[in-house]
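What follows is a single structure, written as C-alpha cells, with notes after it.
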Amino acid sequence: MEIIIINFLNSHKMKNIKLLAGLMTAFALFSCTQPEKELPKGNGLLNFVVKIPEQPGEYSATKKGPYAPGEEIIVQIPSSYEQPVDITALEAYASFDNDCYADPAVPSVIDFTEPYEITVVLADGSKQTNTIKIEFVYPRIKVEELWKKDNNELKCLYTHWLNLAADQKYVYVLDAIQNLGDKIKVLDRMTGEVVKEIDTPNSIIAQVHVDAAGRLVATRYNMYGAGFILYIYDAAEEKWSEPVIWYVPDDEKGIVVPAYLGERASICGDLKSGKAYVYATAPDSNSYYCWEFNDGVPSSEPIITRYAGVKEDWSKCMVKRTSVASDANLYFGYTKYTGAEESSYAGFDMLTPEMDVYSISQVNYGPRILNYQPFTINGENWLALAYQCDYTRWSGSRLAIFDINDLDKWSMTPDDDNYIFDFRLYNSGDWGGTNYEQNAGMAVVCDSDAAYIYVSAAAKGGDPVEDNSRSAVMCYKMTYTK
C-alpha cells in the first residue's frame with residue numbers, strides 16, 4: 001500500500017510541474033506578441049522669454065507652447081523708430097515641460113540679429129527644432145526730421161534766441177534779442193528755405209506769434225519801463241498795426257508792470273473776431289497776466305492771477321491754452337533756476353476749470369523746460385515739449401512728445417512698463433548746445449493726421465563758428481495711428 005501511495009503522489013507532482021511549465025510558456029509567447037508601451041514625449045518647449053538689459057519688463061512669445069516641429073516662435077519687444085533696441089545681447093530663458101530640455105542649453109544672453117535656433121529633447125528622447133525671432137513693436141506715432149537749417153544757411157545775427165511761429169505757409173524766425181536786431185526771417189514751411197525778411201515793429205521784440213486766423217503777431221516785453229506791447233501784421237499792406245495792447249506803468253492809476261513782463265507770452269484765438277486770449281508772464285514771479293479780446297477789442301487791463309501750483313517764484317514760465325472755450329484747460333511750463341543744481345527744477349502742469357492740477361514729473365524731461373505746445377489731432381491730445389538735458393546752461397536740448405489723453409498716465413516715469421507706448425512716445429537726440437538764454441522757439445501746425453513741429457536750437461558761446469553750426473531751426477513731422 002505504501003508503494004501505491006508514493007507512486008500516486010509522484011504522479012500528481014509531475015502533472016503540476018508540467019502545468020506550470022505550460023503556463024509559463026504560454027505567458028512568454030503572449031508577451032512576445034504584444035507591442036512595447038511608448039514613453040510619453042511631453043510638450044517640449046512651453047514658452048520663451050527675453051529681457052532688455054537694464055530695463056524693466058520681460059517679453060514672452062506671442063503664442064505659448066507647445067509648438068509644432070519647425071514652427072517659428074515670435075517674441076515682440078517695444079522699440080522706437082529713432083533709437084531701435086539693441087538685440088545683439090538680449091537676456092533670455094525658456095520654460096519646458098517635465099523631462100524636456102534644450103540641447104545645447106539656452107544661453108543667458110543671445111544675439112537675435114538672426115533668428116535663434118533651439119533644439120528641444122523631449123521626454124522620450126526624440127528631438128524637435130524651432131526658431132525664435134524678435135520683432136519690434138513701435139509706438140503709434142512716427143517722427144521724422146523733415147529738414148534742419150543751421151545758422152550757416154539762415155544767417156541770423158543772433159543765435160541765442162531764435163524765437164519762432166508758423167502758419168500754413170511760413171515759419172517766422174525772430175532775429176533779434178533785447179534791443180539788438182530788427183528782422184524776422186520768413187521760411188518756407190515745407191523746405192526751410194528763407195524766402196524773405198520782415199522788419200520788426202519796434203525794438204526789444206521778445207516773441208513772434210500767429211493767431212487762429214493766421215495773422216503774424218509780435219510782442220515786446222517790458223524793458224526800460226516801455227511796457228508790454230502787442231502788434232499785428234497786415235500781410236496785404238505789409239505793415240504793422242499801432243499797438244493793440246500797450247500795458248505801461250502808471251503811478252496815478254497804481255499800475256505796476258513787472259520788469260520783463262512779456263518775456264514769455266502766448267496767444268489763443270482770433271485777435272480780430274470773436275473771443276481770444278493773450279497771456280504774459282515775467283521772471284521771478286508766480287503770477288500770470290491775461291487780456292481777453294472780444295471782436296478785436298482787448299480788455300483795458302489784464303486779469304492778474306497768482307498761480308498756486310508753484311511753491312515759489314519761477315525763473316521762467318509759459319502759460320498757454322489751446323481753446324477759447326470757457327471750459328478750456330490752462331498749461332504751465334516753468335523753470336526755477338537758483339544757481340545750485342539741488343534746488344533748481346522744472347515743472348509742467350495742467351490746470352482745469354475745476355482748479356484740479358495734473359503734473360508731469362521732471363524725470364520725463366529734464367531740469368529746464370525751454371518751450372512746449374499742446375495740440376490736438378482728430379480729437380486726441382498731444383504735447384510737444386523742448387527741454388534742456390542737463391542742469392548746466394551749456395548742455396544740449398531735446399524734443400519730447402507725450403500722449404496726454406489719459407490723465408492717469410501722467411504719473412508715469414521712464415521706469416514703467418510700456419512707457420514709450422503709453423506716455424512719452426518720442427524723445428529726440430541732442431541738438432543745440434550753449435543755451436545761454438534757456439530758450440527754444442516752438443510752433444505746431446496740424447494737417448489731417450500729421451503734425452509739423454517747428455523748433456529752434458539756441459546757441460551762444462565763445463566761438464561764432466561753433467554757434468552757427470549748433471544753432472538751427474528744425475521741422476519734425478509726426479504721423480500716428482489710432
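Quick caveat, the model's predicted, so the values are computed rather than measured. Along the sequence shown, residues carry numbers from 1.
Tyr334 and Asp349 share a donor-acceptor pair across their side chains, judged by distance under 3.5 Å alone.
For residues 459-479, the set of pairs meeting the ring pair (Phe, Tyr, Trp, His ring centres under 6.0 Å) definition, not counting sequence neighbours, is empty. Sorted by first and then second residue, the ring pair (Phe, Tyr, Trp, His ring centres under 6.0 Å) pairs with a member in residues 197-232 read Tyr221-Tyr260, Phe228-Trp291; sequence neighbours excluded.
Taking the six-membered ring for Trp and the full ring otherwise, the centers of Phe402 and Phe423 sit less than 6.0 Å from each other.
Annotation for Ile255: atom CD1 counts as buried by contact number, over 12 foreign heavy atoms lying within 6.0 Å. By the neighbour-count criterion of 12 heavy atoms within 6.0 Å, atom NZ of Lys64 is sparsely surrounded, having that number or fewer from other residues, nucleotides or ligands. Counting non-hydrogen atoms of other residues, nucleotides and ligands closer than 6.0 Å to CG of Asp251 gives a total of 12 or fewer.
For Asp422, the salt bridge (charged side-chain N to carboxylate O under 4.0 Å, His left out) criterion is met by Lys409, not counting sequence neighbours. Remark: Tyr233 engages Trp240 in a ring pair (Phe, Tyr, Trp, His ring centres under 6.0 Å) (not counting sequence neighbours). Under the ring pair (Phe, Tyr, Trp, His ring centres under 6.0 Å) criterion, Phe332 pairs with Tyr288, Tyr307, sequence neighbours left out. Remark: Asp199 engages Lys183 in a salt bridge (charged side-chain N to carboxylate O under 4.0 Å, His left out) (not counting sequence neighbours). Tyr172 meets the ring pair (Phe, Tyr, Trp, His ring centres under 6.0 Å) test with no other residue; sequence neighbours excluded. Judged as a salt bridge (charged side-chain N to carboxylate O under 4.0 Å, His left out), and not counting sequence neighbours, Glu144 has no contacts. Looking at residues two or more places apart in sequence or on another chain, you find no side chain to side chain donor-acceptor pair (under 3.5 Å) involving Asp182. Not counting sequence neighbours, Phe293 has no partner by the ring pair (Phe, Tyr, Trp, His ring centres under 6.0 Å) test. For Asp430, the salt bridge (charged side-chain N to carboxylate O under 4.0 Å, His left out) partners at least two apart in sequence or on another chain are Arg398.
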Anything under 3.5 Å between a donor and an acceptor, one on a side chain of residues 49-59, the other on a protein residue two or more places apart or in another chain? List them.
{"unit_1": "Lys51", "atom_1": "NZ", "unit_2": "Gln55", "atom_2": "O", "d": "2.6"}
{"unit_1": "Glu58", "atom_1": "OE1", "unit_2": "Tyr93", "atom_2": "OH", "d": "3.1"}

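The aromatic rings of Phe112 and Tyr116 stand perpendicular to each other, their planes meeting at an angle above 60°, with 30° marking the opposite boundary. Relative orientation of the Tyr372 and Phe348 rings is perpendicular, given thresholds of 30° and 60° on the angle between their planes. Trp382 and Phe375 have parallel rings, their planes meeting at less than 30° on a 0 to 90° scale where 60° marks the start of perpendicular.
One finds no salt bridge joining Glu145 and Lys477 here, because no Lys/Arg side-chain nitrogen approaches an Asp/Glu carboxylate oxygen to under 4.0 Å. The pair Lys316-Glu263 counts as a salt bridge, with a side-chain nitrogen and a carboxylate oxygen less than 4.0 angstrom apart. Salt-bridge annotation for Arg140 and Asp403: present, with a side-chain N of the basic residue lying under 4.0 Å from a carboxylate O of the acidic one.
Pairing each heavy atom of Gly269 with each of Asp211, the nearest pair is O-CB, 3.3 Å. The two residues Ala384 and Met442 come nearest to each other via the heavy atoms O-SD, 3.5 Å. Summarising the geometry of Pro139 relative to Leu425, their closest heavy-atom pair is CG-O, 3.9 Å, with the distance given to 0.1 Å. Here the shortest heavy-atom pairing between Ala386 and Ala440 reads CB-CB, 4.1 Å. Considering all non-hydrogen atoms of both residues, Ala176 and Gly181 come closest at CB-O, 3.5 Å.
Between Leu164 atom CG and Leu187 atom CG the span is 9.0 Å, to the nearest 0.5 Å. A distance of 10.5 Å separates CD of Glu466 from OG1 of Thr159, quoted to the nearest 0.5 Å. To the nearest 0.5 Å, atoms CG (Asn371) and OG (Ser397) are separated by 11.0 Å. Interatomic distance, SG of Cys156 versus NZ of Lys185, reported as 5.5 Å (0.5 Å rounding). Expressed to the nearest 0.5 Å, how far CD1 of Ile245 lies from CZ of Arg220 amounts to 14.5 Å. Remark: Cys475 SG to Leu146 CG distance equals 4.5 Å, nearest 0.5 Å.
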Given Thr88 and Asp86, is the side chain to side chain donor-acceptor pair (under 3.5 Å) satisfied, shown in steps?
CA-CA 6 Å; Thr88 62; Asp86 180 6; 2.6 Å; yes
Might you work through the side chain to side chain donor-acceptor pair (under 3.5 Å) test for Asn468 and Asp150, ending with a clear yes or no?
CA-CA 6 Å; Asn468 285 335; Asp150 66 22; over 6 Å; no
Determine whether Ser344 and Lys336 satisfy the following criterion, side chain to side chain contact (heavy atoms under 4.5 Å, CB included), listing intermediate values before the conclusion.
CA-CA 5 Å; Ser344 297; Lys336 178 67 175 179; 5.8 Å; no
Which is it for Glu292 and Asn294 under the side chain to side chain donor-acceptor pair (under 3.5 Å) test, yes or no, and what are the steps along the way?
CA-CA 7 Å; Glu292 181 179 310; Asn294 287 283; 3.2 Å; yes
Would you please test Tyr365 and Ile360 for side chain to side chain contact (heavy atoms under 4.5 Å, CB included) and show each step?
CA-CA 9 Å; Tyr365 40 85; Ile360 298 177; 3.8 Å; yes
Should Asn163 and Val208 be marked as a side chain to side chain contact (heavy atoms under 4.5 Å, CB included) after you check the CA-CA gap, both sets of side-chain angles, and the distance that decides it?
CA-CA 7 Å; Asn163 181 261; Val208 289; 3.6 Å; yes
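Looking only at side-chain heavy atoms (C-beta outward), Asp250 and Val256 stay at 4.5 Å or farther from each other. A 4.5 Å side-chain heavy-atom check between Pro258 and Asn222 finds every atom pair outside the cut-off. Residues Val75 and Ser60 have side chains not in contact (no heavy-atom distance under 4.5 Å, counting atoms from C-beta outward). Annotation: side chain of Leu230 is in contact with side chain of Leu271 (closest heavy-atom distance under 4.5 Å).
Within the cation-pi definition used here (under 6.0 Å to the ring centroid, within 45° of the axis), Arg424 does not qualify as a partner of Tyr419.
For Ser266 (side chain) and Val319 (main-chain N/O), a donor-acceptor pair under 3.5 Å exists by modelled atom type. Side-chain atoms of Trp314 do not come within 3.5 Å of backbone N or O of Thr281 as any donor-acceptor pair.
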